[in-house]
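Have a look at the structure below, then the notes.
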Amino acid sequence: GTRTMAFWNMPVHITSYNEQWPSMFTSEKEELFMNFPTISQIEHFGSTSVPLMWAKPIIDIQAVSTPMPPDKSTLSRLKEMGYIHRETPSESTDVYMRFDKGDPIVTHCLHLRKERSIIPIIYREYLKLHEEDRMAYSETKKGISQVEGITMREYRDQKQAIIDRISANATKWYQDELLKGNAL
């Protein structure tokens, strides 16, 4: 929809790590747990969940919703909390829905899923433990964001190569951790 197009055409704002991000997540998590008994497994992911990482100042939250899509009452209460559904045409609402909080500046992004996705959690934990890749990703994002007039879509596309490289490293790392008996 129009809101989705507007998001992808927005200018990019990247900032150094903010020590308030974990408490912003915790506060939101507590509010979600208190108000939504059908939402569980609420987790912080994305760059704001990785200490010392440069990031868009948006708290990414993954949660499992039962049922999926959420019932009308849940959708209404999410809207009351300031969460606006942002259509994701490539995903069925039976499996995934995205909600943005903050207008015009998005501060939180709630990713509701039918089942927990381990992939963003593996990525988060890998970056926390691997400084060289964390710094390379951080510097790449910072560099791309400094290009005059760059849009969110261009920013996303230009960082894809390093994301793919780090994702491969993170996957290998997690496979090794599983062999040691360590699961996330």
Side-chain angles (χ1 to χ4, degrees), residues 1-33 35-36 39 41-65 70 75 77-91 96-113 116-128 133-135 137-147 149-160 162-163 166-167 170:
T2 305
R3 185 173 172 86
T4 300
M5 287 305 299
F7 174 82
W8 288 114
N9 292 319
M10 283 175 32
V12 176
H13 173 69
I14 302 293
T15 183
S16 61
Y17 182 75
N18 180 337
E19 292 183 8
Q20 296 301 309
W21 289 337
S23 60
M24 289 170 66
F25 163 73
T26 300
S27 171
E28 201 70 11
K29 176 182 178 177
E30 289 169 359
E31 193 167 346
L32 289 167
F33 266 135
N35 291 298
F36 301 98
I39 295 176
Q41 297 184 47
I42 302 169
E43 298 175 281
H44 190 189
F45 75 100
S47 295
T48 61
S49 70
V50 180
L52 307 176
M53 176 69 73
W54 280 68
K56 297 183 306 291
I58 299 171
I59 307 298
D60 280 301
I61 302 168
Q62 168 179 256
V64 172
S65 174
L75 292 173
R77 285 181 293 144
L78 281 170
K79 193 170 187 173
E80 287 171 15
M81 270 184 74
Y83 281 102
I84 307 298
H85 178 233
R86 180 151 61 96
E87 292 179 31
T88 50
S90 63
E91 302 268 1
Y96 173 82
M97 291 179 77
R98 177 182 174 143
F99 297 84
D100 290 343
K101 183 177 187 177
D103 188 22
I105 307 294
V106 174
T107 59
H108 295 74
C109 181
L110 177 61
H111 303 261
L112 285 185
R113 300 180 185 280
R116 179 183 190 236
S117 175
I118 191 71
I119 294 166
I121 307 309
I122 292 170
Y123 200 80
R124 176 194 72 201
E125 293 305 308
Y126 175 82
L127 286 173
K128 284 180 175 180
D133 276 347
R134 180 180 65 240
M135 296 302 290
Y137 184 37
S138 205
E139 290 302 316
T140 298
K141 294 189 328 171
K142 194 163 76 169
I144 294 168
S145 73
Q146 291 172 347
V147 174
I150 193 160
T151 65
M152 290 292 279
R153 182 179 311 278
E154 294 163 333
Y155 168 77
R156 178 202 62 190
D157 293 347
Q158 288 184 31
K159 65 180 186 158
Q160 194 59 52
I162 194 164
I163 288 173
I166 293 173
S167 291

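All values reported here derive from a predicted model rather than from experimental measurement.
At a threshold of 4.0 Å, the pair R77-E80 does not count as salt-bridged, since none of the basic side-chain nitrogens sits closer than that to a carboxylate oxygen. Under the 4.0 Å criterion applied to side-chain N and carboxylate O atoms, E43 and R116 are assigned as salt-bridge partners.
Side-chain contact check for Y137 versus S47: some heavy-atom pair is nearer than 4.5 Å. Taking 4.5 Å as the limit, every side-chain heavy atom of F99 sits out of range of all side-chain heavy atoms of I61. D157 is not listed as a side-chain neighbour of Q160, based on a closest heavy-atom distance of 4.5 Å or more. Residues F36 and L78 have side chains in contact (heavy-atom distance under 4.5 Å, counting atoms from C-beta outward). Between H13 and I105 there is no side-chain heavy-atom pair separated by less than 4.5 Å. Within the 4.5 Å cutoff, the side chain of R156 has no heavy atoms near those of the M152 side chain. Looking at heavy atoms from C-beta onward, P57 lies in side-chain contact with W21 at the 4.5 angstrom threshold. In this structure, the side chains of K141 and M53 come closer than 4.5 Å at one or more pairs of heavy atoms.
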ask   = Given the rule in the side chain to side chain contact (heavy atoms under 4.5 Å, CB included) test, do I42 and I39 qualify, once you have shown the distances and angles that lead to the verdict?
value = CA-CA 8 Å; I42 302 169; I39 295 176; 4.0 Å; yes
Result block: side-chain N/O donor-acceptor pairs under 3.5 angstrom for residues 23-30, not counting sequence neighbours:
{"unit_1": "S23", "atom_1": "OG", "unit_2": "Q20", "atom_2": "O", "d": "2.9"}
{"unit_1": "T26", "atom_1": "OG1", "unit_2": "P22", "atom_2": "O", "d": "3.0"}
{"unit_1": "E28", "atom_1": "OE1", "unit_2": "K101", "atom_2": "NZ", "d": "3.3"}
{"unit_1": "E28", "atom_1": "OE2", "unit_2": "Y83", "atom_2": "OH", "d": "2.7"}
{"unit_1": "E28", "atom_1": "OE2", "unit_2": "K101", "atom_2": "NZ", "d": "2.8"}

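By the salt bridge (charged side-chain N to carboxylate O under 4.0 Å, His left out) test, K79 is found to be paired with no residue, residues two or more places apart in sequence or in another chain being considered. Applying the salt bridge (charged side-chain N to carboxylate O under 4.0 Å, His left out) test to D60 and every residue at least two apart in sequence or in another chain returns nothing.
Taking CZ of R98 as the reference point, atom CG of L112 lies at 12.0 Å (rounded to 0.5 Å). Atoms OG and OH, from S117 and Y123 in turn, are 13.5 Å apart once rounded to the nearest 0.5 Å. Distance check: W54 CH2 to K142 NZ gives 4.5 Å after rounding to the nearest 0.5 Å. Atom CD1 of I144 is separated from atom CD of E139 by 11.5 Å, given to the nearest 0.5 angstrom.
Closest heavy-atom contact between H108 and I58: C-CG2, 4.0 Å. When all heavy atoms of K56 and T48 are compared, the pair lying nearest together is O-CG2, 3.5 Å. For the residue pair A170 and I122, the shortest heavy atom distance occurs at O-CG2, 3.6 Å.
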